[in-house]
There are 2 protein chains.
Amino acid sequence: MKLNERHLMQLAAVLDAGGVSEGAAMLGLTQPAVSRSLAMLEARVGEPLFVKGRRPLQATQLGFQLAAQGRTIITASRKASDAVQGFMKGTKGVVRVGGVPFFMDAMISRMIGEFQNLEPEVTVQQSYLNLPEMVAALEGNQIELGIVPIGVLDLGPGFEFTEILPGRNIVACRPGHSLLRNRRLRAHDLTSFPWVAPLPGSPLMSDLQMILMSIGMSDLNIRYSGGSLMSVINYLAETDALAVLPFSVVFAQRKENRVTVLPYEIPQPNRSLGILRRVGGLRAPAAERFAAHVTTSFENLRHIIKRHENAVVWGR
Amino acid sequence: MKLNERHLMQLAAVLDAGGVSEGAAMLGLTQPAVSRSLAMLEARVGEPLFVKGRRPLQATQLGFQLAAQGRTIITASRKASDAVQGFMKGTKGVVRVGGVPFFMDAMISRMIGEFQNLEPEVTVQQSYLNLPEMVAALEGNQIELGIVPIGVLDLGPGFEFTEILPGRNIVACRPGHSLLRNRRLRAHDLTSFPWVAPLPGSPLMSDLQMILMSIGMSDLNIRYSGGSLMSVINYLAETDALAVLPFSVVFAQRKENRVTVLPYEIPQPNRSLGILRRVGGLRAPAAERFAAHVTTSFENLRHIIKRHENAVVWGR
DNA sequence: TAGCTTCATAGCAAAATGCTATACAAGCGG
DNA sequence: CCGCTTGTATAGCATTTTGCTATGAAGCTA
């Protein structure tokens, strides 16, 4: 007993509007069209849906039950239309963002929150990815956007990279660390403390290698590795350990005052944080909106950093 | 932007089945039919719903969102079909029962419970009506069944009355009432106690008038009136008041032992409790089932009463 | 009972839907 | 890398459905 969904919708409209003519008008149809639909539905069902010879129109119990389903069909249909509208305007839908863990935790998660204060109907699915997986995920349409630091731009065609912040790493430690009292730090000062290692495969890991070389040490005393940003910060706050972190990540934590910058010059990576996406990919207006939001947020952040640095010699 | 609901359903089926051909099969259609539907939907939406040139078929985010709506449409449609099936078998739907208050409270409410243990998907809407309103409600299709005591069967055509229990009233009082100790009660013994009056307009009210006449008193000492069955029983249990009640109603309360029958013969009404319904009315299989259940329940009750009376001279 | 309003039916044109047959494209194994 | 397999898109056609206008029938109200 398969019923015609259109008929169910018309039934619902008629009951809600209180008459065939009104229901037809509500759907933008003529009265005879709806009248026939009801007759066909009734014939299909084999039971009366209306009490005959009654004005104003009165539905049977079965009529009410079917109308209830018709109503949910109407609702679903309108939701579908709304989803399309919202998708095109970028005010609805799902944005899947992959990113390197520390930046996601330190900055992007906040920006997602800000963004959703403006666009509450956009859902964001965050995932943690480093460059290789990110490229694969973009190509496989698993994510719309990637947040990643990239050096040489040799990703081939089909990808677009929007720079949002120049890469700049620092050595981080807890406030009150004994090294902060030294006027001029030497390399061997740093090697006498334990270090936190970033995740293997992350850009920071190769940066740590660079520092190692510049310091001239073949290996550091690494006692902790694998933690997320919160873990690392918690760890740094409790110990005298040192870690290589992006400056902006530490800057974003300035209000909490749990980590600070050790004034020691380290070699800087030739790399920028940016938004990676497919250029030939599918339209995803909500993702574009989010990308724009992230871009302007970082633009603002850059100014804030500059003002901050002018005001105080931060980290000393 | 009005989308075709059928297309949305097909989209959902295709995504759930994992392919156009499988989705088509699931809906009992051919692959080209569904393929074209998807193309039309995509054209209407103006955005791709599938990632092109990918096998296995991969939907876009928008495709997923629309499919979700399609899925609810499919569900609603199936629910509508189920509602029809259930209606015809009498296993689904709404039964609206009107009845005289005391019988509804004493017996029918229990039977509704029993019935729904067998037919959990039938909803029952109970209302309290006396005969005139009940006839109007049946004619106006506000209720399917009425439970009412009727004397002369002059309801005109279009109504059907199924007798379920002969009318038999008794005088009720609390167990331990002083009158129960009297061997032979006289009329004036009863008039020296206060009485509970039934609701005005109820059959019991006219029965009370009859008793009044048989006792030869022009008025009784009425101190309480208007209560539902529970109120009346609570009242009787607390006082030495007397009340005219249908025997079966008191019998139904025998386990609680809060009211009992005073062994005094009163004139019996020429009236039977029964189920009233429209004969030319709409089919209502669930209501028929319920009516059958009530009928057999009362049939059983009649036997139980008989056995009970054989075993003990009840009420003394 | 007359008149008004509202629903049902008739008849027709246009669109949508379904089918079969066939062309096309993506993955896969040799 | 080529052909094979599998699955999707397109073509063409018959049928059904859907929409409209015009008109008839039926309740309600005065």
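Values below: all heavy atoms of this structure, side chains included; hydrogens, waters and symmetry mates excluded. So you know, we letter chains A, B, ... as the sequences are listed, proteins then strands, and number each from 1.
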Requested in this report: Of all the heavy-atom pairs spanning Pro203(B) and Pro149(B), show the shortest one and how long it is.
Outcome: CG-CG, 3.9 Å
**Report entry** Of residues 12-21 of chain B, the positions that come close to DNA chain C - non-hydrogen atoms, cut-off under 4.0 Å
**Finding:** none
Query raised in the report: Would you say dT17(C) has OP1 or OP2 under 4.0 Å from some side-chain N or O of His7(B)?
Result: yes
Query raised in the report: Looking only at side-chain N and O atoms, does Gln10(A) come under 4.0 Å of OP1 or OP2 in dG19(D)?
Result: yes
Query raised in the report: Relative to the ring of Phe290(B), is the ring of Phe115(B) parallel (under 30°), tilted (30 to 60°) or perpendicular (over 60°)?
Result: perpendicular
**Report entry** Any residue meeting ring pair (Phe, Tyr, Trp, His ring centres under 6.0 Å) with Phe103(A), in chain and number order, not counting sequence neighbours
**Finding:** none
Query raised in the report: Residues in ring pair (Phe, Tyr, Trp, His ring centres under 6.0 Å) with Phe102(B), at least two apart?
Result: none
Query - Closest-nucleotide 5' rank along DNA chain D - winner of Lys52(B) and Leu29(A) - result: Lys52(B)
Requested in this report: Mind running a 4.0 Å heavy-atom check of residues 30-51 of chain A against DNA chain D and sending the residues that fall below it, in number order?
Outcome: Thr30(A), Pro32(A), Ala33(A), Arg36(A)
Report summary line: The residue, Arg6(A) or Leu57(A), whose nearest nucleotide of DNA chain C is more 5′ is Leu57(A)
Distance-only donor-acceptor hits, side chain of residues 130-148 of chain B, under 3.5 Å, sequence neighbours excluded:
| unit_1 | atom_1 | unit_2 | atom_2 | d |
| --- | --- | --- | --- | --- |
| Glu133(B) | OE2 | Asn130(B) | N | 3.2 |
| Gln142(B) | NE2 | Gly140(B) | O | 3.1 |
| Glu144(B) | OE1 | Arg96(B) | N | 2.7 |
| Glu144(B) | OE1 | Arg96(B) | NE | 3.3 |
| Glu144(B) | OE2 | Arg96(B) | NE | 3.2 |
| Glu144(B) | OE2 | Arg96(B) | NH2 | 2.6 |

Query raised in the report: Rounded to whole angstrom units, what separation is found between the NZ atom of Lys2(A) and the P atom of dT17(D)?
Result: 13 Å
Query raised in the report: Rounded to whole angstrom units, what separation is found between the CG atom of Asn4(B) and the P atom of dA15(C)?
Result: 15 Å
Query raised in the report: Which angle, rounded to 10°, do you find between the first-five-pair axis and the last-five-pair axis of the helix from dT1(C)-dA30(D) to dG30(C)-dC1(D)?
Result: 40°
Report task. Could you give me the CA-CA distance, side-chain angles and deciding distance for Arg277(A) and Ile275(A), then say whether side-chain contact (heavy atoms from CB on, under 4.5 Å) is met? Result -> CA-CA 7 Å; Arg277(A) 63 196 123 169; Ile275(A) 301 174; 4.3 Å; yes
Requested in this report: Give a yes-or-no answer on whether the side chains of Ser37(B) and Gln10(B) include a donor-acceptor pair shorter than 3.5 Å.
Outcome: yes
Query raised in the report: Going by atom types alone, do Glu119(B) and Thr91(B) pair a side-chain donor with an acceptor below 3.5 Å?
Result: no
Query - Test item: Thr60(B) side-chain N/O and Pro48(B) main-chain N/O as donor-acceptor pair under 3.5 Å - result: yes
Report task. Tell me, with the steps shown, if Phe87(A) and Glu47(B) meet side-chain contact (heavy atoms from CB on, under 4.5 Å). Result -> CA-CA 9 Å; Phe87(A) 175 87; Glu47(B) 297 284 338; 3.6 Å; yes
Query raised in the report: What do the steps show when you test Lys52(B) against Glu42(B) for salt bridge (charged side-chain N to carboxylate O under 4.0 Å, His left out), and what is the final call?
Result: CA-CA 12 Å; Lys52(B) 300 296 172 195; Glu42(B) 206 164 58; 3.0 Å; yes
